[in-house]
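Heads up: the structure comes next, in structure tokens.
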2 protein chains.
Amino acid sequence: MDAALRAELDLRGVSPDCRQTIELVRDVLARVGDKWTVLVISALASGPLRFGALHEEIAGISHRMLTRTLRSLTRDGLLTRTPYAEMPPRVEYALTPLGHSLNEAVSGVVRWVQKHQPEVIDNRLAFDQVAGT
Amino acid sequence: MDAALRAELDLRGVSPDCRQTIELVRDVLARVGDKWTVLVISALASGPLRFGALHEEIAGISHRMLTRTLRSLTRDGLLTRTPYAEMPPRVEYALTPLGHSLNEAVSGVVRWVQKHQPEVIDNRLAFDQVAGT
DNA sequence: CTGAATCCCTGCCGATACTG
DNA sequence: CAGTATCGGCAGGGATTCAG
């Protein structure tokens, strides 16, 4: 994929007209790299949840950030927002098929992290050991 | 993976002793989410490159950020740094096996972006259309 | 050619308070 | 309960300069 990726992302020598497309790719990639996106997606992977439930489910996320993340994910078509006109109000969020597909793609990275995390930690310690000499 | 991910990342009701582990997982995930990490990894996927070459290859990265990214990736054991005592100096960076494995994991996400990016763009336009009413 | 250090500014994000 | 608006701290990252 490296060649393909660079073909998409490399800005050198491409027509100015094409740069806009590249910006967009970066943009979509940034969505995945977002601090909370992955957590929200994975929280919804097993089924729809309402706002409050998500807030409990995802430890450490602030009210504000959950709102923003949900809004932008909805905007991207990764999840649906369905409000119920009740009292008190209730809003349910659910993954779209697109959202599910992203979840699957991301799961590979999550598994990598789970598998190799100890190794990375060790490497950091070893590195700092040498640097600290 | 959703269950597994939440099992790893969810902070509710876990012993304080375990939270440290969770912090580390987030930490490693952040490495992947870093703005430049993926680009550097993919640039090196096809073979070793020296600092200057990377700087050309990765459009838009600043001198400072390339240095920092390379250093932290080296620290994580994702790539090796081999300086040559010449004049002028030359330093080559190459992916380690661990780095290659990460590259493969990430490639799934990159492919997802490449495939679904147009769809996401459309969704955004449609969303803004309605919102702008 | 690499890379470390400094300066500085922008934008993210948490806390808080207020609407429906 | 769900969402918006405002403020403020602080970190990311670019430009520049100095060193080996």
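Just so we're on the same page: letters track the sequence lines, and every chain starts at 1.
With A/T37 contributing its side chain and A/V32 its backbone, the two residues share no donor-acceptor pair below 3.5 Å. The backbone N or O of B/W36 lies less than 3.5 Å from a partner atom in the side chain of B/D34, making a donor-acceptor pair.
Using a 4.0 Å heavy-atom cutoff across all strands shown, B/Y93 reaches sugar-phosphate atoms only and no base atom.
Residues B/L54 and B/L44 form a side-chain contact, since some pair of their non-hydrogen atoms from C-beta on lies under 4.5 Å apart. Looking at A/Y93 and A/L73, their side chains never come closer than 4.5 Å, going by heavy atoms from C-beta outward. When side chains are defined from C-beta on, B/I41 counts as touching B/L102, because their heavy atoms get closer than 4.5 Å.
Side-chain nitrogen and oxygen atoms of B/R50 include at least one within less than 4.0 Å of the OP1 or OP2 phosphate oxygen of C/dT2.
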Kindly give the atom pairs (protein nitrogen or oxygen, nucleotide nitrogen or oxygen) under 3.5 Å for nucleotides 14-17 of chain D.
unit_1 : atom_1 : unit_2 : atom_2 : d
D/dG14 : OP2    : B/S62  : OG     : 2.8
D/dG14 : N7     : B/R64  : NH1    : 3.4
D/dG14 : O6     : B/R64  : NE     : 3.2

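Nucleotides of DNA chain C nearest to A/P89 and B/R90 differ in position, and the one nearer the 5' end is that of B/R90.
Rounded to whole Å, the distance from CE on B/M87 to C1' on C/dC1 is 8 Å. Distance A/L70 CG to D/dA2 P: 10 Å, rounded to the nearest Å. Between the CG atom of A/L66 and the C1' atom of C/dC12 there is a distance of 16 Å, given to the nearest Å. We find that NE2 of B/H55 is positioned 15 Å from P of D/dG13, with the value rounded to whole Å.
The shortest non-hydrogen separation linking A/R50 to A/P89 is NH2-O, 3.8 Å.
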